[in-house]
Asker: 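One structure is given below, represented as structure tokens, and several questions about it will come after.
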Amino acid sequence: MSSLLPATRQEQDLAEQVKDKPVEAGQPLGGQAQEKTKELVENLREPAQQSAQSVQQTAQDAASTVQEEGRSAAQDVRTRAQDAGGTVKETTGR
């Protein structure tokens, strides 16, 4: 039933004050949140750079390893091909 009655002037004033309070209360928190965010970014920047460098170094090492293994495998294939060619000559006499 009370919602059917018009609000008194005092109730209207209180409603206005309550509406403004969350905005006022949130403003300092917004500033604090921004400061904390900046602080977190600064604290994470160096570890992120170190991680990126570590990943880059690992990738370079892996590329070098793959390249060397490829060269070694190619040499093995050449050697086996030469050995097989010699075996064929010996067997066929040509």
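Values below: all heavy atoms of this structure, side chains included; hydrogens, waters and symmetry mates excluded. Just so we're clear, the structure is a prediction, and the values are computed from it rather than from any experiment.
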Asker: Quick one: OG1 on Thr79 to CD on Gln75, what's the gap to the nearest 0.5 Å?
Answerer: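 Going from OG1 on Thr79 over to CD on Gln75, the span is 4.5 Å.
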
Asker: Check Lys38 with Glu35, please: is the shortest side-chain N to carboxylate O separation under 4.0 Å?
Answerer: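 A salt bridge is absent here (no side-chain N lies under 4.0 Å from a carboxylate O).
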
Asker: What residues form a side-chain hydrogen bond (donor to acceptor under 3.5 Å, both in side chains) with Glu46, not counting sequence neighbours?
Answerer: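 Here the qualifying residues are Gln50.
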
Asker: Let me check something: any side-chain donor-acceptor pairs from residues 60-72 under 3.5 Å, sequence neighbours excluded? List them with distances.
Answerer:
unit_1, atom_1, unit_2, atom_2, d
Asp61, OD1, Gln57, NE2, 2.9
Ser64, OG, Gln60, O, 3.2
Thr65, OG1, Asp61, O, 2.9

Asker: Please identify each residue that fulfils side-chain hydrogen bond (donor to acceptor under 3.5 Å, both in side chains) with Asp76, with sequence neighbours left out.
Answerer: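 Counting only residues at least two positions away or on another chain, Asp76 forms no side-chain hydrogen bond (donor to acceptor under 3.5 Å, both in side chains).
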
